[in-house]
Amino acid sequence: MTDKKRNLDVRFSDFNFDKCSQFKEFKYEHQITPIQKRMYFLMVHSKMPRGENESLYGWTGRIGLSRSTVFGIFNKGNSTMHNSVASKISLATGADEDWIRHGAGVPFPIYSYDEIIERQIEESIEEDGLVISTQIDKPKLQQAFETTEQALKDQHKIMQPGAKSEFIVMLYTALIDISAQPFDNQLLKTAIFNLENELEKARRSMSPYKKTLLIIAIYTLYIGDASNKEAIEQTTIQLVRSAA
């Protein structure tokens, strides 16, 4: 299987189409359309590559395309692609939607680490049919993290996860209008404690921005199940590890 991390290093302009000779229907001597070229590139370089003995319809079915769509691309040589088709291909392969449709830009844009984490969190929540909680004020929570981290840095001090979660929630409460923005105090405190505790055990650091995103994700997932501390802890561990 193709290493997902290699996607960022792959240049479409450097792609050797001889690699596609493993696919039965591929005939390099035949002229292939720009869309077909991009599709063949993704069969080799994407987070869902095509198996050496996998049929064209087998792979395209795995990335969510109908047989009629595939026929249009590979048999009729369609020169345009609908937004919804490009969106499915992008979701399955990790490639940029505009590049898939038009060849504009690069196959795998290099997003900032924060952007990647935010997209992963939002996509996982959307897949579960959840709505990101609006109970937590994202800018204010981030401010509470930033203020705490800066104060500790300035004083050359550290704070244990329990005390730190208490302080951050206290500061956050002071920053918001609690009557207009009520929230589950204990759930927020538990989420922050688990995150800080896991980071401490793993000897890792994380920016206030990333911490805020992860906390809101955990809060959203457990807003109706705040007493399930074991599940919250396990989810936190998984999120921290996946953000490595």
Side-chain angles (χ1 to χ4, degrees), residues 1-10 47 94 108-128 130 132-133 135-176 183-244:
M1 181 175 291
T2 303
D3 185 346
K4 295 178 186 178
K5 293 182 180 179
R6 289 178 55 203
N7 287 346
L8 299 179
D9 301 323
V10 177
K47 70 179 184 181
F108 305 100
I110 302 178
Y111 297 102
S112 71
Y113 190 56
D114 288 343
E115 288 175 319
I116 293 171
I117 296 300
E118 185 167 16
R119 289 175 66 196
Q120 288 176 340
I121 290 171
E122 290 178 349
E123 287 172 5
S124 65
I125 289 175
E126 287 171 4
E127 287 173 3
D128 288 337
L130 300 173
I132 294 178
S133 174
Q135 288 190 337
I136 302 299
D137 187 316
K138 181 179 173 182
K140 296 299 185 186
L141 181 58
Q142 183 175 336
Q143 184 181 349
F145 271 113
E146 289 173 341
T147 301
T148 304
E149 301 287 0
Q150 190 60 51
L152 291 172
K153 182 179 179 181
D154 291 344
Q155 298 178 56
H156 306 287
K157 293 182 178 180
I158 60 173
M159 191 179 284
Q160 294 303 309
K164 194 172 184 179
S165 62
E166 292 270 2
F167 183 82
I168 291 171
V169 172
M170 180 183 68
L171 183 55
Y172 171 75
T173 304
L175 291 170
I176 65 170
F183 67 97
D184 188 325
N185 184 291
Q186 188 56 52
L187 176 56
L188 183 60
K189 197 180 299 180
T190 300
I192 295 173
F193 168 79
N194 284 329
L195 177 60
E196 293 293 343
N197 191 51
E198 182 59 27
L199 288 171
E200 183 180 84
K201 288 194 296 184
R203 296 183 179 181
R204 289 193 52 213
S205 61
M206 185 175 284
S207 72
Y209 178 76
K210 294 193 209 65
K211 286 182 180 180
T212 301
L213 291 176
L214 292 179
I215 291 301
I216 291 176
I218 295 165
Y219 189 96
T220 298
L221 289 168
Y222 292 98
I223 186 62
D225 193 19
S227 61
N228 196 345
K229 293 185 178 182
E230 183 177 349
I232 296 174
E233 181 180 359
Q234 289 304 312
T235 298
T236 304
I237 292 172
Q238 291 172 5
L239 285 172
V240 169
R241 288 177 180 175
S242 67

For [X] versus [Y], what's the shortest heavy-atom pair and its separation?
| X | Y | value |
| --- | --- | --- |
| T212 | K138 | CG2-O, 3.6 Å |
| E200 | P161 | OE2-CD, 3.6 Å |
| P139 | D137 | CD-OD1, 2.9 Å |
| L175 | Q143 | CD2-NE2, 3.8 Å |
| L152 | I158 | CD2-C, 4.3 Å |

F183: which residues meet the ring pair (Phe, Tyr, Trp, His ring centres under 6.0 Å) condition with it, sequence neighbours left out?
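Ring pair (Phe, Tyr, Trp, His ring centres under 6.0 Å) check on F183 returns Y172.
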
Does one side chain, of [X] or [Y], offer a donor that lies under 3.5 Å from an acceptor on the other?
| X | Y | result |
| --- | --- | --- |
| T235 | Y222 | yes |
| E230 | Q234 | no |
| E198 | N194 | no |

For a 4.5 angstrom cut-off between non-hydrogen side-chain atoms, does [X] reach [Y]?
| X | Y | answer |
| --- | --- | --- |
| L171 | T147 | yes |
| E166 | M170 | no |
| L141 | I215 | yes |
| Q186 | D184 | yes |
| L187 | I232 | yes |

Look up atom [atom1] in [X] and atom [atom2] in [Y], then write down how far apart they are to the nearest 0.5 Å.
| X | Y | atom1 | atom2 | value |
| --- | --- | --- | --- | --- |
| I192 | Y219 | CD1 | OH | 10.5 Å |
| K140 | T173 | NZ | OG1 | 13.0 Å |
| T236 | L195 | OG1 | CG | 6.5 Å |

Is the number of heavy atoms from other residues, nucleotides or ligands under 6.0 Å of K189 NZ greater than 12?
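For K189, atom NZ is crowded (more than 12 foreign heavy atoms under 6.0 Å).
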
Test applied, salt bridge (charged side-chain N to carboxylate O under 4.0 Å, His left out); reference residue, E149; option that passes from K164, K157, K210
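Answer after filtering K164, K157, K210: K164.
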
Listing request: all ring-ring contact (aromatic ring centres under 6.0 Å, His included) pairs with a residue in residues 145-169, at least two apart in sequence or in separate chains.
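Residue pairs passing ring-ring contact (aromatic ring centres under 6.0 Å, His included), neighbours aside: none found.
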
Any salt bridge linking K211 with E196? Criterion: basic side-chain nitrogen under 4.0 Å from a carboxylate oxygen.
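Answer for the salt bridge query: yes.
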
